[in-house]
Each structure stands twice: as C-alpha cells, then as structure tokens.
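Worksheet: one structure, shown below.
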Amino acid sequence: MKTIKNTIYDLVTSNNGRDTVFEAPNEVKTTYDELKEYIDKTYLQLSSLNLNTSDKIGIVLSNSSCMAATYIAITSNFISCPLNPSFTKEEF
C-alpha cells in the first residue's frame with residue numbers, strides 16, 4: 001500500500017530528484033534534489049540562530065524561483081510570513 005505524503009518536505013522528497021521543480025524565463029532550472037538541499041541548508045542556518053519551529057520568519061523577495069524556493073524551505077520547518085517587497089517602511 002502506498003503511503004500518503006502530507007508534509008511539504010515529504011512531497012519534495014517523494015519526487016524524482018532529477019526532475020525540474022521550478023523553471024522560469026531567464027532563470028536556471030531547479031531540480032527536486034536541489035530544492036531538498038536548499039530546504040536542509042535553510043533549516044540548519046535558521047536553527048543555528050536559535051530559531052524554533054514556532055517562530056515567524058518574514059520573507060521579502062520579488063516573485064521568482066528564488067522566492068518560491070525560499071518560501072518552501074522556510075515553510076517546511078517554520079512559520080513563514082511572505083511580505084510584499086513594495087511595502088513602505090510603515091507597512092512593515
């Protein structure tokens with residue numbers, strides 16, 4: 001019987017690692033293996049700052065594969081708060 005994968009990390013790791021997960025004009029393709037590595041590195045870096053899974057982490061990046069990967073990497077282990085990069089100082 002097939003196990004249902006229900007976490008973001010499970011979904012990323014259940015795909016063929018060589019398959020493309022992100023592809024956008026003028027950007028390098030990203031594979032599932034690369035995304036998994038990015039998730040792992042992001043977790044280690046944020047954990048080294050003594051952040052825990054209940055901490056909220058703001059993300060301020062324009063729409064791109066980098067934003068998508070960063071959102072997935074943070075959301076896999078923490079609470080993410082994507083913010084519009086065109087916000088004014090007062091809106092942040």
Side-chain angles (χ1 to χ4, degrees):
M1 175 163 55
K2 186 174 182 177
T3 303
I4 296 175
K5 309 274 184 176
N6 61 1
T7 68
I8 293 172
Y9 194 79
D10 288 338
L11 292 170
V12 169
T13 58
S14 68
N15 287 281
N16 181 331
R18 294 180 304 269
D19 286 348
T20 300
V21 63
F22 300 121
E23 182 176 0
N26 303 317
E27 294 185 19
V28 177
K29 293 179 183 179
T30 304
T31 66
Y32 282 96
D33 279 346
E34 291 167 332
L35 180 58
K36 179 192 172 298
E37 183 178 335
Y38 187 62
I39 292 169
D40 293 341
K41 284 183 180 181
T42 301
Y43 175 74
L44 290 173
Q45 289 173 335
L46 293 174
S47 294
S48 74
L49 299 172
N50 295 322
L51 296 172
N52 63 55
T53 58
S54 64
D55 288 327
K56 297 166 189 75
I57 300 171
I59 305 168
V60 184
L61 294 169
S62 59
N63 290 337
S64 64
S65 295
C66 180
M67 171 55 178
T70 300
Y71 175 76
I72 290 170
I74 292 174
T75 302
S76 294
N77 295 291
F78 302 94
I79 299 171
S80 66
C81 302
L83 303 168
N84 186 335
S86 64
F87 278 172
T88 63
K89 181 179 178 181
E90 292 76 30
E91 290 174 308
F92 279 111

| field | Contacts of L44 that satisfy side chain to side chain contact (heavy atoms under 4.5 Å, CB included) - sequence neighbours left out | value | none
| field | Listed once per pair and sorted, the salt bridge (charged side-chain N to carboxylate O under 4.0 Å, His left out) pairs that draw on residues 24-35, sequence neighbours left out | value | E23-K29
| request: Compare every heavy atom of N77 with every heavy atom of T53, then report the nearest pair and how far apart it is. | output: CG2-O, 3.0 Å
| message | For residues 36-54, which residue pairs pass the salt bridge (charged side-chain N to carboxylate O under 4.0 Å, His left out) check, not counting sequence neighbours? | response | K36-D40, E37-K41
| field | S80: side-chain hydrogen bond (donor to acceptor under 3.5 Å, both in side chains) partners, not counting sequence neighbours | value | T75
| Who pairs with T70 by side-chain hydrogen bond (donor to acceptor under 3.5 Å, both in side chains), at least two apart in sequence or on another chain? | Y38
| message | Does N52 have more than 12 heavy atoms from other residues, nucleotides or ligands lying within 6.0 Å of its CG? | response | yes
| note | Between L11 and N15 the two heavy atoms that sit nearest each other are O-ND2, 2.6 Å
| Minimum heavy-atom separation for V12 to Y32, with atom names? | O-CD2, 3.5 Å
| field | From OH (Y71) to SG (C81), nearest 0.5 Å | value | 9.5 Å
| said: Among residues at least two apart in sequence or on other chains, which ones pass side chain to side chain contact (heavy atoms under 4.5 Å, CB included) with N16? | reply: R18, D19
| note | Across all chains, not counting sequence neighbours, the side chain to side chain contact (heavy atoms under 4.5 Å, CB included) partners of F22 are T30, L35, S65, A68, A69, I72
| note | d(I8 CD1, I74 CD1) to nearest 0.5 Å is 11.5 Å
| request: Please say whether more than 12 non-hydrogen atoms of neighbouring residues, nucleotides or ligands are located less than 6.0 Å from OH in Y43. | output: no
| request: Under the side chain to side chain contact (heavy atoms under 4.5 Å, CB included) rule, collect the residues that match up with N26, sequence neighbours excluded. | output: none
| Test side-chain hydrogen bond (donor to acceptor under 3.5 Å, both in side chains) applied to S62 - qualifying residues, sequence neighbours left out | none
| Heavy-atom distance under 4.5 Å between the side chains of I57 and L46, does that happen here? | yes
| query | Hey, any chance V28 and M67 share a hydrophobic cluster, counting ILVMFWY side chains that come within less than 4.5 Å of each other, even indirectly? | reply | no
| field | Non-hydrogen atoms of T42 and A73 that approach each other most closely | value | OG1-CB, 3.7 Å
